[in-house]
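FYI, side chains are in, hydrogens and waters are out, and symmetry mates aren't considered; it's all heavy atoms of this structure. Just so you know, ligand 1 is whichever comes first in the structure, and atom 1 is the first atom listed for that ligand.
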Amino acid sequence: MDSIRSSLEHFMDNSAWKQRYAKLKQEVLAYPRVQEFLQEYPEWTNEDTKTHMMKLFEFKRERENCDACPGLADCPNMMQGYQPQLKMEKGQPLVTYHPCRLKQQADERKKQQSLIKSLYIPKEILEATFDDIEQDHASRLSASNQCLQFALQAAPGEDAKGLYLHGKFGVGKTYMMGAVANELAERSISSMMVYVPDFFREMKQALSDGSVQEKIDKVKAVDVLILDDIGAETTSAWVRDDVLGVILQYRLMEKLPTLYTSNYDYEELETHLAYSQKGGIEQMKAKRIMERIKHLTTPIFIDGKNRREM
Ligand code: ADP
Ligand code: MG
């Protein structure tokens with residue numbers, strides 16, 4: 001600091017600089033937050049102002065940015081999202097930096113987002129919240145109430161009961177699950193949203209590189225598993241029994257809830273699961289899986305217009 005000060009004094013000889021300095025000093029001392037600070041120290045002298053000009057100036061420059069906050073993304077402060085605070089320590093003014101309110105909120109949100117994992121789910125869905133869900137249809141109102149209730153009460157490890165959200169393409173089923181995931185994150189409950197057709201395709205590919213078990217393990221143990229668009233995939237007996245069946249069995253034993261979205265209701269999904277790609281009909285196996293799904297979910301029908309055509 002001393003070197004800054006002596007070089008300051010050196011420049012003081014220069015009258016243009018003198019003028020600028022005087023103006024700067026005036027502005028700094030006129031800044032209400034500096035005034036507020038100085039009022040607490042009646043013993044503060046003109047000499048102190050001179051000595052600590054750089055500190056006061058730094059504080060003013062950064063804090064003024066906060067006064068006219070343009071939002072976190074455009075924060076012009078030296079350290080984005082950090083707000084300066086002026087305080088006295090051992091008789092010396094000191095500028096310290098703290099994450100501002102917006103930065104704190106963003107950090108909290110990031111922490112929460114890290115609780116939500118996803119496979120093949122669009123980003124907009126992961127940002128959905130219950131506040132955004134339009135209650136434009138009675139069934140949507142009822143569905144979002146039930147989903148919210150689940151999110152507020154879910155107790156993974158104690159209760160495996162989940163939801164089965166079904167209805168036509170585009171009514172907002174996946175979106176609502178995004179809102180559930182976010183609400184769960186608020187309660188520090190982690191979730192994983194998986195787009196089933198792509199996941200099953202990946203699993204079939206995993207057969208060739210030997211990573212099936214590892215991939216199943218990643219999905220099966222999450223607090224809340226969201227299987228999005230079940231029934232839209234091409235099923236094979238192997239995927240149904242050795243992937244889905246294995247995951248659901250594990251979750252049943254560990255009392256971990258699973259949520260589904262589907263264009264099919266229970267019966268239609270059972271029919272879908274009974275047809276394997278090879279053409280054989282395996283009703284018994286499909287029934288067994290379906291019983292498990294039914295037993296562990298509450299069905300919710302959601303109606304309304306296709307939002308993708310709006
Ligand atoms: P589904 O899963 O039933 O086929 P989606 O959840 O994918 O339907 O929703 C269809 C489209 O409508 C998506 O682009 C989604 O972002 C949007 N959407 C759905 N519900 C809402 C909502 N309540 N508010 C705003 N946009 C929504
Ligand atoms: Mg969907």
Side-chain angles (χ1 to χ4, degrees), residues 109 112-113 115-152 154 162-186 189-204 219 222 224-235 239-240 243-244 247-248 251 257-273 289-290 293-294 296-310:
R109 184 144 182 92
Q112 285 181 6
Q113 286 292 333
L115 289 172
I116 305 174
K117 299 180 196 73
S118 68
L119 275 177
Y120 317 108
I121 299 285
K123 196 167 168 277
E124 60 169 51
I125 295 290
L126 299 179
E127 286 168 359
T129 68
F130 279 101
D131 296 337
D132 307 330
I133 291 177
E134 291 164 29
Q135 316 281 3
D136 57 354
H137 193 282
S139 73
R140 195 193 302 279
L141 176 65
S142 150
S144 74
N145 274 340
Q146 289 182 77
C147 286
L148 179 60
Q149 212 165 56
F150 169 84
L152 295 175
L163 304 172
Y164 186 89
L165 197 53
H166 64 105
K168 283 193 304 254
F169 176 81
V171 290
K173 303 181 293 295
T174 303
Y175 195 85
M176 205 167 295
M177 287 303 178
V180 170
N182 277 304
E183 198 63 43
L184 288 169
E186 296 254 350
I189 295 177
S190 64
S191 63
M192 184 164 194
M193 233 174 143
V194 176
Y195 183 61
V196 172
D198 286 344
F199 175 58
F200 282 1
R201 203 169 303 130
E202 182 178 332
M203 292 308 291
K204 282 179 208 158
V219 168
V222 67
V224 175
L225 177 63
I226 305 174
L227 294 176
D228 186 41
D229 234 346
I230 191 165
E233 74 288 350
T234 43
T235 339
V239 156
R240 182 194 58 210
V243 178
L244 185 60
I247 291 173
L248 297 189
R251 300 186 64 76
T258 308
L259 313 181
Y260 303 81
T261 81
S262 183
N263 290 358
Y264 292 148
D265 64 16
Y266 284 153
E267 259 176 52
E268 290 163 334
L269 183 63
E270 185 169 327
T271 310
H272 173 82
L273 291 174
I289 292 254
M290 247 356 267
I293 295 177
K294 276 195 233 171
L296 290 175
T297 55
T298 307
I300 301 174
F301 177 61
I302 169 167
D303 206 354
K305 45 190 184 272
N306 184 347
R307 303 192 62 100
R308 292 184 217 226
E309 287 172 355
M310 285 166 66

Just jot down the ligand 1 atoms closer than 4.0 angstrom to any heavy atom of Gly172, in number order. 1 (P), 3 (O), 5 (P), 6 (O), 8 (O), 9 (O), 19 (C), 20 (N)
Does any N or O atom in Phe169 lie less than 3.5 angstrom from one in ligand 1, N or O only? no
Met176 and ligand 1 - part of the residue with a heavy-atom distance under 4.0 Å: neither
Atom 11 (C) of ligand 1 has as its nearest protein heavy atom Arg308 CG, 3.9 Å
Between Asp229 and Thr261, does any side-chain donor sit less than 3.5 Å from a side-chain acceptor? no
Polar contact flag for Lys173 and ligand 1 (N/O pairs, less than 3.5 Å): yes
Of the protein's non-hydrogen atoms, which lies at the shortest distance from atom 14 (O) of ligand 1, and what is that distance? Glu124 OE2, 3.2 Å
Determine yes or no for a side-chain-to-main-chain donor-acceptor pair under 3.5 angstrom, with Arg251 supplying the side chain and Pro257 the backbone. yes
Does even one non-hydrogen atom of Thr261 get within less than 4.0 Å of ligand 1? no
Flag side-chain contact, heavy atom, 4.5 Å: Pro299 against Asp265: no
Side chain to side chain donor-acceptor pair (under 3.5 Å) between Thr297 and Tyr266, worked out: CA-CA 10 Å; Thr297 55; Tyr266 284 153; 2.7 Å; yes
Among non-hydrogen protein atoms, atom 2 (O) of ligand 1 lies closest to Thr174 OG1, 2.7 Å
Write out the residue and atom name of the closest protein heavy atom to atom 6 (O) of ligand 1, then the distance separating them to 0.1 Å. Tyr175 N, 2.8 Å
Modelled atom types, side-chain donor and acceptor of Asp132 and Thr129, under 3.5 Å: yes
Flag, side chain of Glu233 to backbone of Gly231, donor-acceptor distance under 3.5 Å: yes
Are Val224 and Val180 side-chain neighbours, meaning at least one heavy-atom pair lies under 4.5 Å? no
Atoms of ligand 1 close to Asp132 [distance to a heavy atom under 4.0 angstrom, numbered from 1]: 23 (N), 24 (N)
Do the non-hydrogen side-chain atoms of Leu269 and Tyr164 ever get within less than 4.5 Å of each other? yes
When distances are taken from atom 12 (O) of ligand 1, the protein heavy atom at minimum range is Arg307 CB, 3.3 Å
Would you say Ile125 has any N or O atom under 3.5 Å from an N or O of ligand 1, going by distance alone? no
Given His166, Lys173, Glu268, the one that forms side-chain hydrogen bond (donor to acceptor under 3.5 Å, both in side chains) with Asn263: Lys173
Using 2.8 Å as the threshold, say whether any N, O or S atom from Thr174 sits that close to the Mg ion (ligand 2). yes
